[in-house]
Amino acid sequence: MKLLTAALTLLIPVNAFALTPSQLKVLILKRSLKLKVKEEQVKSQKFREKATFRSYFPKVNLTASFNEFYPDIFQNWNQNYSYGVSITAEPLNLQRNIELSIDKEKVRELRYAVSSTLLDVYSQALSYLYKLKALEREIDLRKKQVESSEKILSVAKEKFKKGLVMITDVLKAKSEVEKRRALLSRAENEYRKTFNSLNALLDFSLKEREKPEVNLIEKRLPLYSGELVKRALLLRPEVKEAKQQVEIAEKNVQLAKRNLSPKLSLNFSAQRTGTEFPGDKNYSAGFTFSFPVFDSGLTKFQTLEQVSQLKKAQLNLKETENSVKLEVLNALSDVNYSYSQLKSSESSLKYAKKAYERALNEYKLGVSDIVALLQAFDFYCQSQEDYVQSLLNYNLSIVSLRKATGELLGGEN
């Protein structure tokens with residue numbers, strides 16, 4: 001597995017505007033809006049956990065009242081004061097203990113959801129980064145293709161001047177030059193659009209001068225399905241999240257069973273009352289212990305409902321594990337297929353290059369026509385582009401495999 005991880009080892013930036021995968025991950029952590037939404041959900045749940053914990057602490061209430069009344073028409077106005085403080089606490093509540101435990105489990109669940117979002121966003125951003133690198137190579141190729149087409153045009157013009165060919169050769173060669181320039185423009189446009197898509201994932205924090213700095217892998221990687229699946233089940237945040245949901249469902253079963261659990265409440269109050277300020281002192285203290293024993297089957301059926309939810313969570317965990325396993329196996333199949341396509345396009349490129357060089361030489365010698373030359377040139381250009389596309393597909397399949405195994409996040413997260 002170290003070979004798979006090392007396959008996408010980062011290059012050291014050659015200039016201040018080089019963007020490596022590690023720098024890309026840092027930017028995602030800082031700038032991704034999708035990630036920030038998930039992180040806010042974690043914060044919200046942590047506040048809820050703290051609120052549940054704070055319910056253990058006593059509550060203090062201040063009270064005050066004042067009445068002025070006239071008992072009858074033959075007496076003066078009378079006044080009545082009342083003010084004080086009361087303290088209440090509930091030190092024993094077994095349901096609340098479970099609720100606090102559930103809140104903590106939900107925080108862990110949401111953190112795994114954050115990791116899952118990071119995995120999705122990072123793999124998408126990496127795909128854009130690798131596509132940009134491939135488009136750089138394609139743009140360079142098409143620039144060279146424009147130069148080659150201009151060379152063919154100059155040969156055709158020279159032969160036309162000598163009366164060796166007709167004007168149609170020049171026109172066909174000129175048309176080929178315009179075609180190659182248009183294809184170059186299309187590749188540059190595709191590069192800009194891909195860069196914009198990547199930039200959108202990062203909340204438009206990239207500068208236009210920043211360039212992708214990654215290695216495009218061309219060799220076969222030693223991969224083993226059993227080890228990959230095992231590692232995916234260990235690393236994928238979706239699996240961890242599903243396991244956490246099972247734990248939460250188990251806690252909910254316990255919570256439902258605690259409906260008939262005892263509770264202990266304590267209270268203390270101090271008051272002053274009277275017709276004149278400050279009034280007479282009054283103190284009171286007490287406790288209430290309740291132990292419900294029968295609720296007409298409410299607890300029974302609420303528990304059965306949560307047991308059903310637990311079974312649902314367990315089935316969801318199994319389904320998630322199967323889905324991850326399928327994703328890994330399909331991604332591995334794509335890697336192997338993409339590599340075979342890469343080798344095929346490499347072989348085709350070697351043949352196309354020789355065929356073009358031969359056709360160009362024959363045209364110069366006058367033993368071949370412009371049509372055969374342009375056909376050979378078009379095949380060579382297409383073979384170059386097919387090779388770059390196959391190389392990109394192979395690297396993207398590796399990224400997909402690393403996403404499927406969860407290794408893009410790095411380490412035993």
Side-chain angles (χ1 to χ4, degrees), residues 39-72 75-111 113 244-310 313:
E39 287 170 348
E40 286 300 322
Q41 291 177 353
V42 174
K43 289 181 182 179
S44 175
Q45 183 59 40
K46 289 180 73 175
F47 288 138
R48 181 173 180 176
E49 177 194 343
K50 290 181 179 180
T52 302
F53 177 73
R54 289 288 178 173
S55 66
Y56 282 97
F57 292 80
K59 297 178 177 64
V60 179
N61 294 307
L62 299 176
T63 59
S65 66
F66 168 76
N67 292 312
E68 189 171 38
F69 59 94
Y70 193 75
D72 57 61
Q75 296 182 1
N76 297 324
W77 285 88
N78 287 336
Q79 296 176 338
N80 186 36
Y81 295 91
S82 175
Y83 58 95
V85 59
S86 64
I87 302 174
T88 59
E90 195 177 48
L92 177 62
N93 186 334
L94 300 181
Q95 277 189 306
R96 185 176 55 198
N97 296 344
I98 300 298
E99 288 173 352
L100 180 60
S101 179
I102 290 175
D103 287 342
K104 292 179 179 178
E105 298 292 344
K106 286 184 176 179
V107 170
R108 296 190 187 96
E109 178 192 7
L110 289 172
R111 282 175 176 162
Q244 201 67 36
Q245 289 170 354
V246 171
E247 293 185 21
I248 292 173
E250 291 173 346
K251 298 287 185 181
N252 282 327
V253 172
Q254 297 177 28
L255 180 63
K257 290 179 178 179
R258 292 286 173 88
N259 282 338
L260 296 178
S261 60
K263 296 180 180 179
L264 175 64
S265 300
L266 303 178
N267 63 80
F268 172 80
S269 65
Q271 283 188 325
R272 282 182 177 270
T273 59
T275 58
E276 294 183 1
F277 189 82
D280 300 326
K281 297 180 180 179
N282 292 297
Y283 299 98
S284 66
F287 73 90
T288 302
F289 180 77
S290 62
F291 199 153
V293 295
F294 181 69
D295 59 0
S296 300
L298 177 63
T299 297
K300 174 185 176 181
F301 289 105
Q302 286 181 341
T303 301
L304 289 175
E305 177 191 2
Q306 295 304 322
V307 169
S308 178
Q309 293 294 328
L310 173 58

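In what follows, every heavy atom counts, from backbone to side chain, and hydrogens, waters and symmetry copies are set aside. Since this is a predicted model, take the numbers as computed values, not measurements.
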Report yes if the side chains of [X] and [Y] come closer than 4.5 Å at any heavy-atom pair, otherwise no.
X      : Y      : result
Leu255 : Ile102 : yes
Leu310 : Val246 : yes
Pro91  : Leu266 : yes
Val60  : Val85  : yes
Tyr83  : Thr63  : no
Lys257 : Gln254 : no
Leu94  : Pro262 : yes

Enter the distance from [X]:[atom1] to [Y]:[atom2] here, rounded to the nearest 0.5 Å.
X      : Y      : atom1 : atom2 : value
Gln306 : Glu250 : CD    : CD    : 12.0 Å
Gln41  : Lys43  : CD    : NZ    : 12.5 Å
Lys251 : Leu100 : NZ    : CG    : 10.0 Å
Asn282 : Thr273 : CG    : OG1   : 4.5 Å
Asn61  : Thr88  : CG    : OG1   : 6.0 Å
Gln245 : Asn252 : CD    : CG    : 11.5 Å

Show the nearest heavy-atom pair for residues [X] and [Y], with the distance to one decimal.
X      : Y      : result
Leu260 : Phe294 : CD2-N, 4.2 Å
Gln95  : Asn259 : NE2-OD1, 2.5 Å
Ile248 : Lys106 : CD1-CG, 3.6 Å

Aromatic rings Tyr56 and Phe53: how do their planes relate, parallel, tilted or perpendicular, breaks at 30° and 60°?
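Ring orientation, 0 to 90° scale: tilted.
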
Quick one: does any side-chain atom of [X] pair with a main-chain N or O of [Y] as donor and acceptor, under 3.5 Å?
X      : Y      : value
Ser261 : Arg258 : yes
Thr303 : Thr299 : yes
Thr52  : Arg48  : yes
Arg96  : Glu90  : yes

Apply side-chain contact (heavy atoms from CB on, under 4.5 Å) to residues Phe287 and Asn267 and explain how you reach the verdict.
CA-CA 6 Å; Phe287 73 90; Asn267 63 80; 5.8 Å; no

Taking only Lys NZ, Arg NE, NH1 and NH2, and the carboxylate oxygens of Asp or Glu, determine whether Lys46 and Glu49 approach each other closer than 4.0 Å.
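No salt bridge links Lys46 with Glu49.
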
Regarding Ser290 and Lys263, is there a side-chain donor-to-acceptor distance under 3.5 Å anywhere?
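The criterion, which ignores hydrogens and geometry beyond distance, is not satisfied for Lys263 and Ser290.
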
For Ser284 and Ser269, does a side-chain donor sit closer than 3.5 Å to a side-chain acceptor?
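Present: a donor and an acceptor within the cut-off.
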
